[in-house]
Structure formats: C-alpha cells, structure tokens
Amino acid sequence: MTVDIAICDDDSKDLKNVIDILKDIFVEHSDKCSLQSFHSATDMLENVNKIDIAILDISMDEMNGIDLGRELKMRFPQVRVIY
C-alpha cells in the first residue's frame, strides 16, 4: 500500500527539509509513499487529487495552514493533518 503525502509550505528551504526527512524515514523503513509538494495553498487545492496525510505550514501568506487543513478535511474526510 502506498501512503499519499502532500506537503505545503511557502518557504522553499523548510519545504525541502520536510521532504528530505520524509524520504529518509520511508527509505529506512522500506515503506512506499508518494510525496507531493506545494508552495501555496491555492496550488495544493488546485492540484491534489489523492491524499492520506497533509503536512502544512500554519503561517502562509494567501491562506494559512489551519484554513487549508479545514478545506482539505472537507474534500478528503479521511486525511490526517499535521501542522
């Protein structure tokens, strides 16, 4: 089974750090995951179509992570949100 993870952070450095950490974790445990990364809430909402876990920055310019998490929960009720 593949775990679909989407990450949203408007800070490129922080986004890369989270991606690197997740890749290390999943490789170490030989688990399969699909990672999608987004620099804005709008981009994420327009492009994500399957998601199990959302990792969101709380403080973003156009839409904060709390509001994004609420919208994702409406679209994907099973999603687990991490801030």
Side-chain angles (χ1 to χ4, degrees):
M1 179 170 97
T2 300
V3 177
D4 295 297
I5 302 172
I7 307 143
C8 188
D9 196 320
D10 57 352
D11 183 302
S12 295
K13 183 179 176 188
D14 289 342
L15 184 61
K16 183 185 177 324
N17 287 338
V18 172
I19 292 168
D20 290 344
I21 290 168
L22 289 171
K23 284 182 179 178
D24 288 345
I25 290 169
F26 280 93
V27 167
E28 181 178 319
H29 295 283
S30 301
D31 293 327
K32 296 183 188 240
C33 73
S34 167
L35 294 177
Q36 299 177 73
S37 60
F38 303 95
H39 286 97
S40 73
T42 301
D43 187 28
M44 184 176 197
L45 291 172
E46 288 175 356
N47 294 295
V48 74
N49 54 19
K50 187 175 179 214
I51 183 172
D52 297 308
I53 300 171
I55 300 174
L56 311 175
D57 180 13
I58 291 177
S59 178
M60 295 187 287
D61 289 335
E62 63 184 29
M63 176 189 283
N64 69 48
I66 303 296
D67 292 338
L68 176 56
R70 286 185 186 126
E71 181 64 31
L72 289 171
K73 279 295 225 182
M74 287 175 27
R75 293 184 186 191
F76 308 98
Q78 82 290 352
V79 70
R80 301 294 187 239
V81 179
I82 301 169
Y83 297 101

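No side-chain heavy atom of L22 sits less than 4.5 Å from a side-chain heavy atom of C33. Between I5 and D52, the closest side-chain pair of non-hydrogen atoms is not below 4.5 Å.
Hydrophobic cluster membership is shared by V79 and L68, with clusters built from Ile, Leu, Val, Met, Phe, Trp and Tyr side chains linked at under 4.5 angstrom. Criterion: ILVMFWY side-chain heavy atoms under 4.5 Å apart, direct or through other members. Under it, V3 and V18 are part of a common hydrophobic cluster. Side-chain heavy atoms closer than 4.5 Å link hydrophobic residues (I, L, V, M, F, W, Y) into clusters, and following such links, possibly through other members, connects L35 to L15. Put simply, L45 and I7 are part of two different groups of oily side chains (I, L, V, M, F, W, Y) that touch within less than 4.5 Å, one to the next. Linking ILVMFWY residues whenever their side-chain heavy atoms come closer than 4.5 Å, directly or via other members, leaves I82 and I66 in distinct clusters.
Looking at residues two or more places apart in sequence or on another chain, you find a side-chain hydrogen bond (donor to acceptor under 3.5 Å, both in side chains) between S12 and H39. Residues forming a side-chain hydrogen bond (donor to acceptor under 3.5 Å, both in side chains) with S59 (at least two apart in sequence, or on another chain): none.
If you take CG on D14 and CD1 on I19, they are separated by 11.0 Å, rounding to the nearest 0.5 Å. Interatomic distance, D57 CG to F38 CZ, rounded to the nearest 0.5 Å: 15.0 Å. Interatomic distance, Q78 CD to I53 CD1, rounded to the nearest 0.5 Å: 11.0 Å. For the atom pair CG of N17 and CG of D9, the computed distance is 9.5 Å after rounding to the nearest 0.5 Å. To the nearest 0.5 Å, atom CD1 of residue I51 and atom OG of residue S34 are 10.0 Å apart. Between N64 atom CG and I58 atom CD1 the span is 8.0 Å, to the nearest 0.5 Å.
Annotation for E62 and A41: closest pair OE2-N, 3.3 Å, computed over non-hydrogen atoms. In terms of heavy-atom proximity, D10 sits nearest to M60 at OD2-CA, 3.4 Å. Of all heavy-atom pairs spanning L72 and A54, the tightest one is CD1-CB, 3.8 Å. Nearest approach of N47 to Q36, heavy atoms of both residues: O-OE1, 4.3 Å.
Of the charged side-chain nitrogens involved, none lies within less than 4.0 Å of a carboxylate oxygen, so that D20 and K23 do not count as a salt-bridged pair.
Residue pairs meeting the salt bridge (charged side-chain N to carboxylate O under 4.0 Å, His left out) criterion with at least one member in residues 74-83, sequence neighbours excluded, are E71-R75.
Taking a 6.0 Å sphere around NZ of K16, one finds it holds 12 or fewer heavy atoms contributed by other residues, nucleotides or ligands.
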